[in-house]
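The structure appears below as structure tokens.
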2 protein chains.
Amino acid sequence: MSDATLGPSAYIVLGLIGGCGGGTSYDLKRWADTSVGYFWTFPRSQLYAEPQRLVELGLLESRQEDGGRRRRIYTVTPAGREALRSWLDTPAGQPELRDEGLLKLFFSTQATPGMVERLAAGQLDLHQQRLAIYEGIAASGHGTMPTGTDPLGMGLLYERASVAFWREVLAGQPGQVSS
Amino acid sequence: MSDATLGPSAYIVLGLIGGCGGGTSYDLKRWADTSVGYFWTFPRSQLYAEPQRLVELGLLESRQEDGGRRRRIYTVTPAGREALRSWLDTPAGQPELRDEGLLKLFFSTQATPGMVERLAAGQLDLHQQRLAIYEGIAASGHGTMPTGTDPLGMGLLYERASVAFWREVLAGQPGQVSS
DNA sequence: TACGGCATGTAATCGGTTACATGATTTA
DNA sequence: TAAATCATGTAACCGATTACATGCCGTA
């Protein structure tokens, strides 16, 4: 039971469905997009494949509508709830930045002149946008899910750090316009 | 040329070999472990498979030793250098946190009592260790690769933010020992 | 020359991504 | 009722991870 070899996305599905008391793959997509999707994305098709796997493992139950779209509505089984709890209690490993922008910065000595400046400007822009979104959510009180509210806090810290970092990189480049 | 559908690991290989003027898969592993590996990891076998793909694409050349271990030594071709440059000049996308610890925190309302405290303690520990490593590298002047030195700066900011964050989470939990 | 560990690779599997394809509702 | 969009899924491919398997080299 609770085969330890499930990936994080399996638990995301379990957690989302468990937290909302059941839903369809399409529901999952919408919930994810406005919550966990800010720091962990995956393609939509995953949200169709993963629940089926979980049904076969006995961690989810699916009920199919008769008429209309005949969509599948998933709910978590007791075994599923237990599997989630057990995963939650397993110590998490070291997270990785895995930032393509940093990667490019890392290899920038092999690049065309001016590349770092362009990169930094682009990254700065993206992080500022994301920061604005997070600040909006924080100001409006909360996200959509019943959750320990804190991950947003880390998001804010991370985006602020990123903005500061890329601004610094940009400032270190020759030839940037003073502003 | 320079098929735009190569993954980041392909460019890591190109960048590492390009930066060091050639080497074996084993060399790649060692270089990666002490540099880019701090924020972007992959299994060792990837460093054997990826170069072969790149040779077929004409981005790397391989020369095989005659005697001894008969290992393959890779060097970057002009086309490879060009492909790397072109990738470096492509704007990078939004990075994701993809932090399993945050994921668990996010779903912590469905967990066993005390889980958040255990999680936070574990994460705090990991981040403190990693921060100490980065500070050591920063103090000693530099890493092993000829590179734009800056990614380490982001690593420091990120680890400091993480330490602050998990400390905060821990402080918000009932029942922790005061220290 | 035997042994231990360093070094080097291959094979099989599997999750994740892209691309494709269709049906249901709504609204003009 | 036609068009547009929302919603729902499947199929095929490919990169990445795990597991397996073996060969060289220094040293005792």
Side-chain angles (χ1 to χ4, degrees), chain A residues 3-14 16-17 22-34 36-37 39-57 59-60 62-74 87 93-94 96 98 100 103, chain B residues 3-14 16-17 22-34 36-37 39-57 59-60 62-74 87 93-94 96 98 100 103:
Chain A
D3 195 353
T5 56
L6 291 175
S9 24
Y11 295 105
I12 293 178
V13 168
L14 279 176
L16 284 174
I17 298 184
T24 69
S25 290
Y26 190 73
D27 293 330
L28 280 175
K29 179 183 161 33
R30 284 184 311 159
W31 297 337
D33 278 350
T34 58
V36 68
F39 62 96
W40 196 300
T41 67
F42 32 76
R44 193 183 46 79
S45 69
Q46 188 94 359
L47 295 177
Y48 288 88
E50 199 70 61
Q52 288 179 14
R53 241 173 282 166
L54 294 174
V55 166
E56 278 170 25
L57 293 172
L59 306 181
L60 287 182
S62 84
R63 172 167 48 93
Q64 179 139 213
E65 279 182 343
D66 274 351
R69 310 205 160 184
R70 300 189 53 73
R71 59 197 155 183
R72 295 182 194 123
I73 296 156
Y74 296 100
W87 174 73
Q94 183 94 48
E96 277 175 33
R98 240 163 214 265
E100 201 174 309
L103 217 49
Chain B
D3 196 353
T5 56
L6 291 175
S9 23
Y11 295 105
I12 292 178
V13 168
L14 279 176
L16 284 174
I17 297 184
T24 70
S25 290
Y26 190 72
D27 294 330
L28 280 174
K29 179 183 162 33
R30 284 183 312 160
W31 297 337
D33 278 351
T34 58
V36 69
F39 62 94
W40 197 301
T41 67
F42 33 75
R44 194 184 45 83
S45 70
Q46 188 93 1
L47 295 177
Y48 287 88
E50 200 67 63
Q52 288 180 13
R53 240 173 283 165
L54 294 174
V55 166
E56 279 171 24
L57 292 172
L59 306 181
L60 287 182
S62 83
R63 172 168 49 92
Q64 180 140 211
E65 279 182 343
D66 273 350
R69 311 206 158 181
R70 298 190 54 73
R71 57 197 157 181
R72 295 179 194 124
I73 296 158
Y74 297 100
W87 174 73
Q94 183 93 50
E96 278 176 31
R98 241 164 214 265
E100 202 174 307
L103 218 49

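Letters A, B, ... are given to chains in the order of the sequence lines, protein chains preceding strands, and every chain is numbered from 1.
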Restricting to side chain to side chain donor-acceptor pair (under 3.5 Å), what partner residues turn up for B:Ser45, sequence neighbours left out? none
For nucleotides 17-19 of chain D, tabulate all protein N/O to nucleotide N/O atom pairs closer than 3.5 Å, reporting atom names and distance.
residue	atom	partner	partner atom	Å
D:dT18	O4	B:Ser45	OG	3.0

I need the full list of salt bridge (Lys or Arg N to Asp or Glu O under 4.0 Å) pairs touching residues 40-51 of chain A, with sequence neighbours left out, sorted by first then second residue. A:Glu50-A:Arg53
Of all the heavy-atom pairs spanning A:Val13 and A:Pro51, show the shortest one and how long it is. CG1-CG, 4.2 Å
If I take atom CZ in residue A:Arg72 and atom C1' in nucleotide D:dT10, what distance separates them, rounded to the nearest angstrom? 10 Å
Heavy-atom pair with the smallest gap, counting every atom of B:Trp31 and B:Leu16: CZ3-O, 3.8 Å
Would you kindly compare B:Tyr48 and A:Gly7 by the position of their nearest DNA chain C nucleotide and give the one closer to the 5′ end? B:Tyr48
A:Arg30 and A:Asp27 ion-paired at < 4.0 Å: yes
Between B:Gln52 (CD) and D:dA16 (C1'), how many Å, whole number? 15 Å
Once you round it to whole Å, what is the distance between P of D:dC14 and CZ of B:Arg53? 10 Å
Which residues satisfy the side chain to side chain donor-acceptor pair (under 3.5 Å) test with A:Gln52, sequence neighbours excluded? none
So, does A:Glu96 use its side chain to make a donor-acceptor pair with the main chain of B:Thr41 at under 3.5 Å? yes
Measure the distance from CD on A:Gln64 to C1' on D:dT8 and round it to the nearest whole Å. 11 Å
Residues forming a side chain to side chain donor-acceptor pair (under 3.5 Å) with A:Arg72, sequence neighbours excluded: none
Chain A reaches DNA chain C, atoms under 4.0 Å from its heavy atoms, from C:dG15 to C:dT25
